[in-house]
Chemist: 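Attaching a single structure in structure tokens format; questions to follow.
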Amino acid sequence: MKDIITGSEALMRSLKAEGVTTIFGYPGGAIMPVYDALYDYTRGEKKAFDHILVRHEQSAAHAAEGYARVSGQVGVCLVTSGPGATNTLTGVADAMMDSTPIVVIAGQVGVAALGTDAFQEVDLVGVAQPISKWSYQIRRPEDVAWAVSRAFFIARSGRPGPVVLDFLKNAQTQKTEWKPQKVDFIRSYVPYPKVDEECVRQAAELINNASRPLALVGQGVELGGAQAELVEFLEKGDIPAGRTMLGLSALPSNHPLNVGMLGMHGNFAPNVKEQECDVIIAIGMRFSDRVTGRTDRYARQAKVIHLDIDKSEINKNVKCDVPVIGDCKVTLPAITQLLRKCKRKEWRDSFKPLAEREQERVIEPAIHPSGGPLLMGEVVNAVAEATGGEAILVTDVGQNQLFSCRYFKYHRQRSIVTSGGLGTMGFGMPAAVGATFGAPQRTVCVFMGDGGFQMSIQELGTIMETQAPVKMIVLNNNYLGNVRQWQDMFFERRKSFTRMMNPAYAKVAEAYGIPYQLVVDRADLASAVKRMLDAKGPFVLECAVMEEDNVLPMTPPGMSVDEMMLDINV
């Protein structure tokens, strides 16, 4: 007997077949048939999914990102057409920039209304195509199973990324015979390129002959699940390693070969040493402008080996001498096998005076100030010490992001969730919600500035309803701090619309029934952090921090990485 079902039911079965357990969404007219089908799949004997009702569709996309980043699974969000769909596009672009696998499923008007400017109609595929890995319009119910399977295959394979499915209303309600589909091959799509053995040999030879090699570790190591392979590679070659912001938890903070964070506000030693090394081994990173500074002055003395799964990244920003294209879980061991076991003590030791200079002039004053107002760095350090490197760090964007990435500690894999490429304010809170569902056994701490907190403050409703145990640390300096710092440095201290008038966060938290504490005096910081971490559910910890604190070190725009500033005189 044929199994005849609606397209909406086919979607439910297809999602279940892909192993989906959590959906972040917001209902509306054009997706209502799907939500009706979802009703039965969220309760009773048929229960397969937890649906998290966000308060804004952009938050659904960011929550799906947070879920994906900590779980390694594909994040899913479900929204209606028109503004519901377009509201997710910031999250889609964010996921594309940061290689995060999510699938956005949006309702759409029926096929007969396409192109008529019908209520809440928008050309979603046309809008999403440039900022997604794949966008597709489902017009018939018989195409649902195939489209969903293909979407998940594309999203999670190779270099991960976002996929957008535009689901016409007639395809949701019309019926078809149920035929499960499994897409694991697309003729024009090669997610895992064949490794060139000659390139592997050349890379190993360059490293073996190097006296001052430096590894640049990116998120590709985490995405490829190659953390153990990375450690084996580094230890055999005795190679110091700097990490990009998104790659911070790819190598434990306390590993002896970890020399710090790369980039504009990274650590002093690895940035300076990029200009002194003789071989750079870039692993799963894309040579972002925030890492390289001026590319015409960047590491001109070094041979560059670039390991990446995405061929389009090779020679895009920095000229590469040896490209090793492929999954780093495969390419790293292949190179390691050809490496000579060696010691590079003199090279490693040369990082120490630079690290000590930063420690004395920047880090100690930031995390152990002798007096004055509370500082962002000491708040981050207090939470990092209290969580022992075991927590997941989620950040918003701005000074809160830079301070927290610098001073948090990472001992476990998939421990950082931040908006790197797009720099999306308002990302932090919904991404943290997603992270609590993606890794329910772990503590999730999200640092936000007063600006970013208010960009997604409505998601306190989601946290209230789900009791997601998000530990929210609001670093309140009454400014859009990062922009204010740049205005002070580069715009003659003309603070144009960066001063903020903020609400009484205590009353906001009370309205949502979320425990709250304000810290003004550093003597109260440790006990407040303990109270927050001991709380079983969500918690808002507001810290009144120095208004004009600056993130240091800093490589100013237009300068090379070895011109990094340890002090700011404005």
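We use all heavy atoms of the structure for the numbers below, so side chains are in, but hydrogens, waters and symmetry mates are not.
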Chemist: Counting N and O atoms only, with roles assigned by atom type, does the side chain of Q485 sit under 3.5 Å from a partner on the main chain of V551, one being a donor and the other an acceptor?
Modeler: yes

Chemist: Looking at every non-hydrogen atom in both residues, tell me the closest pair between S71 and G438 and how far apart they are.
Modeler: CB-O, 3.5 Å

Chemist: Could you give the distance from NE2 (H306) to CG (N315), rounded to the nearest 0.5 Å?
Modeler: 9.0 Å

Chemist: When you check the side-chain N and O atoms of S8 and Y35, is any donor under 3.5 Å from an acceptor?
Modeler: no

Chemist: Given 3.5 Å as the limit, does a donor-acceptor pair link the side chain of Q73 with the main chain of T21, or not?
Modeler: no

Chemist: Is the NZ atom of K16 crowded by more than 12 outside heavy atoms at less than 6.0 Å?
Modeler: no

Chemist: Measuring only between side-chain heavy atoms, which start at C-beta, is L114 closer than 4.5 Å to Q137?
Modeler: yes

Chemist: Got a sec: does the CZ of F119 have more than 12 other heavy atoms crowding it under 6.0 Å?
Modeler: no

Chemist: Quick check for you: to the nearest 0.5 Å, what is the distance between I105 atom CD1 and I138 atom CD1?
Modeler: 7.5 Å

Chemist: Inspect the surroundings of NZ in K311 and state if more than 12 heavy atoms from other residues, nucleotides or ligands are less than 6.0 Å away.
Modeler: no

Chemist: Would a distance-only check, ignoring hydrogens and angles, find a side-chain to backbone donor-acceptor pair under 3.5 Å from R139 to A171?
Modeler: no

Chemist: Is the shortest side-chain heavy-atom distance between E313 and R286 below 4.5 Å?
Modeler: yes

Chemist: Can a donor-acceptor pair be found, under 3.5 Å and without considering hydrogens, that links the side chain of E65 to the backbone of A95?
Modeler: yes

Chemist: Checking D327 against K329 for the salt bridge (Lys or Arg N to Asp or Glu O under 4.0 Å) test, could you report, in this order, the C-alpha distance in whole Å, the side-chain angles of both residues, the deciding distance, and whether it holds?
Modeler: CA-CA 5 Å; D327 187 342; K329 196 170 181 67; over 6 Å; no

Chemist: Show, in sequence, the C-alpha distance, side-chain angles and deciding distance for R69 and I392, and conclude whether the side-chain contact (heavy atoms from CB on, under 4.5 Å) test is met.
Modeler: CA-CA 10 Å; R69 294 270 282 273; I392 292 171; over 6 Å; no

Chemist: If I take atom CD from residue E465 and atom CD from residue E459, how far apart are they, to the nearest 0.5 angstrom?
Modeler: 11.0 Å

Chemist: Between Q487 and T498, is the side-chain hydrogen bond (donor to acceptor under 3.5 Å, both in side chains) condition met? List the steps.
Modeler: CA-CA 9 Å; Q487 288 173 336; T498 46; 2.9 Å; yes

Chemist: When rounded to the nearest 0.5 angstrom, what distance separates CE in M489 from CZ in R484?
Modeler: 10.0 Å

Chemist: In the structure I gave you, are the side-chain heavy atoms of V163 and I102 within less than 4.5 Å of one another anywhere?
Modeler: no

Chemist: Between V92 and V164, is any pair of side-chain heavy atoms under 4.5 Å apart?
Modeler: yes

Chemist: When you measure from the centre of the six-membered ring of Y39, is the NZ or CZ of R43 under 6.0 Å away and within 45° of the axis?
Modeler: yes

Chemist: Can you establish whether the number of heavy atoms outside F491 located under 6.0 Å from its atom CZ is more than 12?
Modeler: no

Chemist: Kindly give the heavy-atom pair with the smallest separation between V221 and V217, and that separation in Å.
Modeler: CG2-CG1, 3.9 Å

Chemist: Against T418, only a single residue in T424, T395, D396 fulfils side-chain hydrogen bond (donor to acceptor under 3.5 Å, both in side chains); can you say which?
Modeler: T395

Chemist: Using the side-chain hydrogen bond (donor to acceptor under 3.5 Å, both in side chains) rule, collect all pairs that involve residues 105-131, keeping only residues at least two apart or in two chains.
Modeler: Q108-D166

Chemist: What are the two closest heavy atoms between N400 and S404, and how far apart are they?
Modeler: O-OG, 2.6 Å

Chemist: Under a 3.5 Å threshold, yes or no: a donor from one side chain and an acceptor from the other, between K133 and Y189?
Modeler: yes

Chemist: Is there a side-chain contact between C77 and Y26 in this structure, where contact means two heavy atoms from C-beta onward sitting under 4.5 Å apart?
Modeler: no

Chemist: Apply side-chain contact (heavy atoms from CB on, under 4.5 Å) to L332 and I283, showing your working.
Modeler: CA-CA 9 Å; L332 272 173; I283 309 167; 4.0 Å; yes

Chemist: State, yes or no, whether a side-chain contact exists between F437 and F24 at a heavy-atom distance under 4.5 Å.
Modeler: yes

Chemist: Can you name the closest pair of heavy atoms from T80 and G28 and give their distance?
Modeler: OG1-C, 3.4 Å

Chemist: Take atom NZ of K47 as the centre, draw a 6.0 Å sphere, and report whether it contains more than 12 heavy atoms from other residues, nucleotides or ligands.
Modeler: yes

Chemist: For T292 and T295, run side-chain hydrogen bond (donor to acceptor under 3.5 Å, both in side chains): C-alpha distance rounded to whole Å, both residues' side-chain angles, the deciding distance at 0.1 Å, then the answer.
Modeler: CA-CA 6 Å; T292 64; T295 53; 5.7 Å; no

Chemist: In this structure, are over 12 heavy atoms from other groups packed under 6.0 Å from K175 atom NZ?
Modeler: no

Chemist: Testing the basics here: between F287 and N317, what is the closest heavy-atom pair and its distance to 0.1 Å?
Modeler: O-ND2, 3.1 Å

Chemist: Rounded to the nearest 0.5 Å, how far does OH of Y67 lie from CD1 of I52?
Modeler: 10.0 Å

Chemist: Look only at the side chain of R159 and the backbone of S157, and say whether a donor-acceptor pair between them is shorter than 3.5 Å.
Modeler: no

Chemist: Please determine, by modelled atom types, if N87 and Q58 share a side-chain donor-acceptor pair under 3.5 angstrom.
Modeler: no

Chemist: May I have the step-by-step check of side-chain hydrogen bond (donor to acceptor under 3.5 Å, both in side chains) for D98 and T100, ending in yes or no?
Modeler: CA-CA 6 Å; D98 288 349; T100 305; 5.5 Å; no

Chemist: For R290, I'd like to know if atom CZ has over 12 heavy atoms of other residues, nucleotides or ligands within 6.0 Å.
Modeler: no

Chemist: Can you list every side-chain hydrogen bond (donor to acceptor under 3.5 Å, both in side chains) pair that touches residues 444-454, not counting sequence neighbours?
Modeler: D450-N502, Q454-N502, Q454-Y505

Chemist: Please evaluate residues D310 and K316 with respect to the criterion salt bridge (Lys or Arg N to Asp or Glu O under 4.0 Å), reporting the C-alpha separation (whole Å), side-chain torsions for both, the decisive distance (0.1 Å), and the verdict.
Modeler: CA-CA 11 Å; D310 185 353; K316 186 174 83 174; over 6 Å; no

Chemist: Taking the side chain as everything from C-beta on, heavy atoms only, tell me whether Q458 gets closer than 4.5 Å to S59.
Modeler: yes

Chemist: Under a 3.5 Å distance rule, please check whether R414 uses its side chain to pair with a backbone N or O of V70 as donor and acceptor.
Modeler: no

Chemist: Does the side chain of S249 reach to within under 4.5 Å of the side chain of Q413, using non-hydrogen atoms?
Modeler: no

Chemist: What do the steps show when you test R150 against Y136 for side-chain contact (heavy atoms from CB on, under 4.5 Å), and what is the final call?
Modeler: CA-CA 10 Å; R150 183 181 170 108; Y136 181 76; over 6 Å; no

Chemist: Begin from the C-alpha positions of D50 and T22 and carry the test side-chain hydrogen bond (donor to acceptor under 3.5 Å, both in side chains) through to its verdict.
Modeler: CA-CA 5 Å; D50 289 317; T22 306; 4.8 Å; no

Chemist: Could you tell me whether the side chain of K169 and the main chain of G29 form a donor-acceptor pair under 3.5 Å?
Modeler: yes

Chemist: If you count the non-hydrogen atoms of other residues, nucleotides and ligands that lie under 6.0 Å from CD in E45, is the total more than 12?
Modeler: no

Chemist: Measuring from S149:OG to E18:CD, what's the distance to the nearest 0.5 Å?
Modeler: 4.5 Å

Chemist: Give the intermediate values and the outcome of side-chain contact (heavy atoms from CB on, under 4.5 Å) for residues I280 and I305.
Modeler: CA-CA 6 Å; I280 280 179; I305 301 166; over 6 Å; no

Chemist: For the residue pair L248 and C405, what are the closest heavy atoms and their distance?
Modeler: CD1-O, 3.7 Å

